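Each remark here refers to the structure printed beneath this line.
None of these values were measured; they are calculated from a predicted model.
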Amino acid sequence: MVLLSPSRTITETLTTLAASTAHQLEETWDEVGYSPEDRASQLSDLLVKFRDLCEHKIAEEKGVAETFRQTIAEAKEEIETTASALKMSIDPQILQEQPGMTLTDRLSSLESTLDELRSTAIAAKEDLKVCQDFLIESHEALGIEMEITWRDIDSDLTALRRDEFHRKKAEMKEELSTRTSAVIQLLRDCQHLHNDLRIDAGTSDSEIDRQIAGSLVRSKDGSFIMASKFKSEACTGISSCALEDLTKRVTELHGEKRRRKSHLQEMGAQIAVLWEKLRVPEEEQVAFTESVQGLGMDTIEKGENELKRLHALKSQMLDKLIEEARQNIFSLWEQINATPEQRRTFEPFYIRDRNSHNDDLLEKYEDYVATLESRLEQMKPILRIIERRELILKERAEYEELQKDPERLKQRGASMTHQLMEEEKMARRIKRDLPRLTELLTEKLHEWKENNDEDFQYHGEVYLAVMDRQEEQWNQYKAEEMHRKLKKKQEEKTFGENQFAKANPLPKQITKKSTSTLPLGDVAHKKMNVQSRVHEGSKEGQIAFHANLRPIAGRIGINR
């Protein structure tokens with residue numbers, strides 16, 4: 001039967017089957033007693049079913065043929081697509097229909113060609129798929145959109161395309177590494193700030209703080225790595241959103257740290273001032289300092305409690321503190337040479353009623369003390385120059401006095417050398433430093449007046465006027481001294497002549513000629529007596545001058 005044609009095989013087989021079936025049906029129907037009409041109906045149903053079966057079989061086989069044709073078409077399309085993707089050329093005859101070839105033969109021929117292409121394409125596609133999966137995961141982790149070009153791994157399977165994917169993969173690895181490093185650094189910064197601020201991130205109400213606490217784990221080499229590249233309840237991930245959130249959180253924590261640090265510094269400064277003002281024992285200060293650590297809220301609370309305690313203690317010591325402030329103000333007035341008018345401008349100083357003592361009054365005193373101290377700091381450079389200049393003026397008076405004392409030159413040896421060296425130093429300072437200090441001081445005093453709209457006063461006097469008066473007194477003293485020296489020389493000369501005249505009275509009748517005829521010895525003797533008397537008169541003049549030196553020093557403006 002297999003060797004016969006389908007039509008003959010079916011005809012012969014169906015004829016035999018029909019005869020056998022009809023014979024058996026007739027026997028059965030006879031036994032049952034079917035009528036001719038019943039038998040006709042049964043035969044009609046049997047023929048309809050047979051026809052349906054045949055039609056179904058025909059349709060089924062046509063479907064198989066159609067499936068072959070569809071598979072062949074798909075195989076052709078796959079060959080063309082794959083060859084195009086691999087940039088390979090295919091023999092056109094393979095894709096053309098060959099006369100006399102069955103569908104099976106055509107499909108077998110196409111699959112033979114397709115198998116070779118598929119093996120190459122599958123290897124390329126697997127390579128591209130690995131790269132694509134990495135790119136998809138990396139883009140999702142980084143929170144960025146992947147370009148559409150990297151979503152296609154079918155249209156181009158060439159080595160060039162695979163190289164492009166590998167380069168992109170390497171680029172993404174670098175970006176992942178950079179992003180991961182940046183996120184890890186931000187996480188470490190946040191964790192350090194949590195530690196500084198004493199924030200328990202693991203139990204915090206803030207979701208980002210809880211994620212920060214669980215985002216890092218230790219690797220085998222001890223370095224920190226991300227627990228996951230993706231965001232979860234216990235991890236921030238490395239997305240761009242995570243980067244922004246961490247950057248924002250670091251900024252917030254830094255701001256909180258600065259705020260707390262500033263607050264603690266302000267409290268610390270206030271506490272230090274109150275400790276000093278209230279004379280808190282050093283042991284208490286050390287104990288408190290050692291009890292506060294870090295920038296946690298407990299530290300701030302301790303500082304606030306200490307301030308409250310010190311303010312309460314200050315209220316108890318208010319009268320004493322105000323009195324000390326008054327004494328301090330008076331002392332500063334003296335140091336800055338404040339005039340009575342300047343002192344009267346601070347009216348609270350003259351409030352003596354203890355019932356008026358309060359924190360407000362103490363604050364006014366303290367502010368005024370700060371103002372006076374600031375003024376004193378501004379004045380100190382000028383005061384130092386004034387003091388230096390006054391010392392040199394005093395030294396100038398002492399030098400003048402030394403120059404009038406001939407006894408100092410009677411010393412011998414090292415004492416004489418030391419005395420002369422000291423006088424030389426004094427003279428050098430007077431000649432070199434005094435003009436320089438006077439010029440510098442004049443410039444500074446004019447600057448003071450320009451900047452403060454008032455004259456600089458020293459011991460209740462405008463020091464520019466004091467300097468002018470000192471210079472005028474010194475010039476007057478030098479002029480009087482010069483006049484005194486000239487007068488003294490004239491007196492010594494007159495005294496010598498008088499003494500000579502008394503010792504050698506001339507006869508009224510003696511002429512010049514007779515005088516010149518005196519013996520040479522008598523003339524020389526009389527001349528020596530006159531010189532001796534002149535010398536004694538000079539010593540008497542020096543003694544008289546030194547007796548009057550002290551009141552002269554007062555007249556030339558030297559402050560002793």
Criterion side-chain hydrogen bond (donor to acceptor under 3.5 Å, both in side chains) on Q42 and R39, from CA distance to verdict: CA-CA 5 Å; Q42 290 289 336; R39 294 183 182 190; over 6 Å; no
Residue pair S20, Q24: steps toward the side-chain hydrogen bond (donor to acceptor under 3.5 Å, both in side chains) verdict: CA-CA 6 Å; S20 175; Q24 293 179 42; 3.0 Å; yes
Stepwise salt bridge (Lys or Arg N to Asp or Glu O under 4.0 Å) check, D360 with K364: CA-CA 6 Å; D360 183 56; K364 290 179 180 178; 3.7 Å; yes
Derivation and outcome, salt bridge (Lys or Arg N to Asp or Glu O under 4.0 Å), residues D433 and R436: CA-CA 5 Å; D433 293 348; R436 179 177 60 83; 3.6 Å; yes
From CA spacing to verdict: salt bridge (Lys or Arg N to Asp or Glu O under 4.0 Å), E66, K62: CA-CA 6 Å; E66 183 61 29; K62 285 184 177 180; over 6 Å; no
CA sep, side-chain torsions, deciding dist, call: E377, K380, salt bridge (Lys or Arg N to Asp or Glu O under 4.0 Å): CA-CA 5 Å; E377 286 301 314; K380 277 184 177 179; 3.0 Å; yes
Steps toward side chain to side chain contact (heavy atoms under 4.5 Å, CB included) verdict (F288, I271): CA-CA 11 Å; F288 175 79; I271 288 171; 4.2 Å; yes
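Side-chain contact check for T236 versus L186: every heavy-atom pair is 4.5 Å or farther apart. Two residues are said to be in side-chain contact when any heavy atoms from C-beta on lie closer than 4.5 Å; I212 and Q191 meet this criterion. Taking the side chain as every heavy atom from C-beta outward, E233 and R210 never approach each other to under 4.5 Å.
A donor-acceptor contact shorter than 3.5 Å is absent between the side chain of S112 and the backbone of S108.
In the model, S219 has a side-chain atom that pairs as donor or acceptor with a side-chain atom of S223 under 3.5 Å. Between the side chains of H446 and E450, not a single donor N or O lies within less than 3.5 Å of an accepting N or O. Using a 3.5 Å distance cut-off with no hydrogens or angles, the side chains of S331 and Q335 do pair a donor with an acceptor. Between the side chains of S41 and D38, no donor-acceptor pair of N or O atoms lies under 3.5 Å. With 3.5 Å as the limit, one finds a donor-acceptor pair spanning the side chains of S35 and E37. Donor-acceptor pairing under 3.5 Å is lacking for the side chains of Q378 and R375. One side chain, Q185 or D189, offers a donor N or O that lies under 3.5 Å from an acceptor on the other.
The two residues K302 and S291 have their closest heavy-atom pair at NZ-O, 2.7 Å. Closest of all the heavy-atom pairs between P348 and Y365 is O-OH, 2.7 Å. Contact detail for L193 and L253: the closest heavy-atom pair is CD1-CB, 3.5 Å. Across every non-hydrogen atom of L128 and D156, the tightest pair is CD1-O, 3.6 Å. Considering every non-hydrogen atom in both K257 and L197, the closest pair reads CA-CD2, 3.8 Å. Between S239 and R179, the shortest heavy-atom distance links the atoms C-NH1, 3.2 Å.
For R167 and E171, the salt-bridge test fails: no basic side-chain N is under 4.0 Å from an acidic carboxylate O. Here R198 does not pair with E301 in a salt bridge; the nearest charged N to carboxylate O distance is not below 4.0 Å. At a threshold of 4.0 Å, the pair R249-D245 does not count as salt-bridged, since none of the basic side-chain nitrogens sits closer than that to a carboxylate oxygen. Between E323 and K320, no side-chain nitrogen of the basic residue sits less than 4.0 Å from a carboxylate oxygen of the acidic one, so the salt-bridge criterion is not met. A salt bridge links K57 to E61: at least one charged side-chain nitrogen sits closer than 4.0 Å to a carboxylate oxygen. By the 4.0 Å N-to-carboxylate-O rule, R309 lies close enough to E306 to be salt-bridged with it. A salt bridge is absent between K129 and E126: the closest approach of a Lys/Arg side-chain nitrogen to an acidic carboxylate oxygen does not fall below 4.0 angstrom. In this structure, D127 does not pair ionically with R161, as no charged nitrogen and carboxylate oxygen lie closer than 4.0 Å.
A centroid separation of 6.0 Å or more is found between the aromatic rings of F346 and W333.
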